[in-house]
There are 2 protein chains.
Amino acid sequence: MKTCRPFTGAVDRLTAAGLRPTRQRLGLARLLFEGGNRHITAEQLHREATDGGVKVSLATVYNTLNQFTEVGLLREVAMAAGRAYFDTNTSAHYHLFNEDTGELFDVPGDSVVLSVLPEMPENTVIGNIDVVFHIRNK
Amino acid sequence: MKTCRPFTGAVDRLTAAGLRPTRQRLGLARLLFEGGNRHITAEQLHREATDGGVKVSLATVYNTLNQFTEVGLLREVAMAAGRAYFDTNTSAHYHLFNEDTGELFDVPGDSVVLSVLPEMPENTVIGNIDVVFHIRNK
DNA sequence: GTGATTGCAAATCTTTTGCACTAAA
DNA sequence: TTTAGTGCAAAAGATTTGCAATCAC
């Protein structure tokens with residue numbers, strides 16, 4: 001039987017987050033976090049998993065993406081209604097969305113400066129700030 | 001027979017946009033634009049219409065919201081995946097989204113300043129810039 | 001063992017579409 | 001009239017859920 005050796009730290013990463021390192025979660029974590037920052041939908045990740053020999057159901061992919069997001073391993077990005085994108089880059093950064101092609105690019109956090117922030121309503125704390133530059137082809 | 005008198009300019013507004021001022025479109029336009037800026041989903045607007053005596057099907061509400069957005073009468077705001085919000089305020093401004101309550105607030109355009117914009121890919125033009133401050137209750 | 005996790009299928013929810021009917025120009 | 005617009009019901013997606021089977025501890 002072939003053992004799928006996860007990238008270093010996958011098990012720790014999951015257990016630290018309070019999630020059991022199951023075969024499915026490890027396989028998905030490997031796909032998500034091994035190759036640098038990426039944006040992905042549940043459907044895309046499910047296909048990658050299937051193609052890569054990680055047997056997992058689409059429902060579990062959805063559940064896993066939501067769990068990873070809850071514990072801060074992923075960040076959900078709202079681009080257009082009707083489809084959720086998950087971003088493996090949880091640090092401060094922004095997005096460039098090409099409406100013609102559907103492509104989603106990262107914009108480094110330091111290439112955008114927000115000054116003069118608005119006042120927040122009372123008894124609320126600011127979570128993250130989404131900045132999306134919607135672009136189209138000329 | 002009672003005539004539903006639309007707010008001043010509704011007919012002009014639609015015809016100027018190349019849309020026939022039908023009973024349904026006038027009724028929806030009145031609900032959308034008469035009471036200042038607002039954020040609304042198709043479902044909410046449909047309920048308001050029905051409650052307010054404007055007979056219109058949900059499918060037509062969807063179609064109308066999309067048409068209004070295409071001609072610039074509305075702006076679509078991506079908040080959370082799975083549901084489209086339409087904003088009657090099409091001028092430069094940003095949003096505050098309370099993730100606990102689902103409330104969506106406007107932030108005046110001049111209370112946020114974006115400096116140091118990123119470079120855009122070649123042969124693209126920037127459409128609009130969405131800035132969403134995600135907040136939660138303390 | 002025992003409780004967490006998974007898979008599957010069904011259910012839900014939002015949005016779009018096809019087509020016959022109706023209304024605006 | 002003639003063409004655009006509407007309603008309905010069905011279709012299409014995306015995502016969630018119920019529950020029995022399975023797995024991690």
Side-chain angles (χ1 to χ4, degrees), chain A residues 1 3-4 6 10-29 31 39-47 49-50 53-71 73-74 76-86 102 104, chain B residues 1 3-4 6 10-29 31 39-47 49-50 53-71 73-74 76-86 102 104:
Chain A
M1 186 204 292
T3 299
C4 290
V11 175
D12 294 346
R13 208 155 169 170
L14 292 179
T15 50
L19 298 171
R20 278 193 190 170
T22 64
R23 182 178 57 74
Q24 290 87 339
R25 294 212 266 234
L26 284 171
L28 295 177
L31 289 169
H39 310 101
I40 202 165
T41 65
E43 200 77 44
Q44 287 167 351
L45 182 58
H46 183 239
R47 167 153 312 143
T50 302
V54 178
K55 279 190 63 175
V56 60
S57 72
L58 182 55
T60 296
V61 171
Y62 273 103
N63 291 333
T64 301
L65 285 171
N66 287 332
Q67 289 157 353
F68 282 12
T69 301
E70 270 164 35
V71 300
L73 255 28
L74 292 175
E76 192 174 345
V77 189
M79 299 307 331
R83 184 172 236 117
Y85 286 82
F86 294 86
L104 183 57
Chain B
M1 183 205 296
T3 299
C4 289
V11 174
D12 294 347
R13 208 156 168 169
L14 292 180
T15 50
L19 298 172
R20 278 192 191 173
T22 65
R23 179 178 59 73
Q24 289 87 338
R25 292 211 267 233
L26 284 170
L28 295 178
L31 290 170
H39 311 101
I40 203 166
T41 65
E43 200 76 45
Q44 287 168 349
L45 183 57
H46 183 240
R47 168 154 308 145
T50 303
V54 177
K55 279 190 63 175
V56 60
S57 71
L58 182 57
T60 296
V61 171
Y62 272 103
N63 291 333
T64 301
L65 285 172
N66 286 331
Q67 288 156 354
F68 283 12
T69 301
E70 269 166 33
V71 300
L73 255 28
L74 292 175
E76 193 175 344
V77 190
M79 299 306 330
R83 182 170 240 120
Y85 286 82
F86 294 87
L104 183 57

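All values reported here derive from a predicted model rather than from experimental measurement. The chains referred to below are lettered A, B, ... by the order of the sequence lines, with proteins before strands, and numbering in each begins at 1.
Taking every heavy atom of both residues into account, A:G27 and A:V54 meet most closely at CA-CG1, 4.0 Å. Minimum interatomic distance between B:A17 and B:V71 (heavy atoms only, all atoms of both residues): O-CG1, 3.7 Å. Considering all non-hydrogen atoms of both residues, B:L65 and B:A42 come closest at CD1-CA, 3.5 Å.
Under 4.0 angstrom from either OP1 or OP2 of C:dT14 there lies at least one side-chain N or O belonging to B:R83. For the pair B:Q24 and C:dA23, the criterion of a side-chain N or O lying under 4.0 Å from OP1 or OP2 is not met. B:T22 has a side-chain polar atom (N or O) that falls below the 4.0 Å cut-off from OP1 or OP2 of D:dT6.
Between A:R20 atom CZ and D:dC25 atom P the separation is 6 Å, expressed in whole Å. Protein atom CZ of A:R25 is 13 Å distant from nucleotide atom C1' of D:dC25, rounded to whole Å. A:E76 places its CD atom 8 Å from the P atom of D:dT15, with the value rounded to the nearest Å. When the P atom of D:dG5 is taken as reference, atom CZ of B:F68 falls 11 Å away, rounded to whole Å. For B:H46 and D:dT6, the NE2 to P distance is 13 Å, given to the nearest whole Å. Spacing between atom CG of A:L26 and atom C1' of C:dT6 amounts to 14 Å, rounded to whole angstrom units. As a whole-Å value, the separation of A:L14 CG from D:dA24 C1' is 13 Å. If you measure from atom CZ of B:R23 to atom P of D:dT6, you get 9 Å, rounded to the nearest angstrom.
Although no hydrogens or angles enter the test, the distance criterion places no donor-acceptor pair under 3.5 Å between the side chain of B:R25 and the main chain of B:T64.
Contact check of residues 55-66 of chain A against DNA chain C (heavy atom, cut-off under 4.0 Å) returns A:K55, A:V56, A:S57, A:A59, A:T60.
From A:L45, atom CG reaches atom CG of A:L28 across 5.0 Å, with rounding to the nearest 0.5 Å. Here A:I40 contributes atom CD1 and A:L104 contributes atom CG; the two are 12.0 Å apart, rounded to the nearest 0.5 Å.
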Donor-acceptor pairs under 3.5 angstrom involving side-chain atoms of residues 55-63 of chain B: please list them, not counting sequence neighbours.
| unit_1 | atom_1 | unit_2 | atom_2 | d |
| --- | --- | --- | --- | --- |
| B:S57 | OG | B:T60 | N | 3.2 |
| B:S57 | OG | B:T60 | OG1 | 3.1 |
| B:N63 | ND2 | B:A59 | O | 3.3 |

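When each of B:T15 and B:F86 is assigned the nucleotide of DNA chain C with its nearest heavy atom, B:F86 is the one assigned upstream, toward the 5' end.
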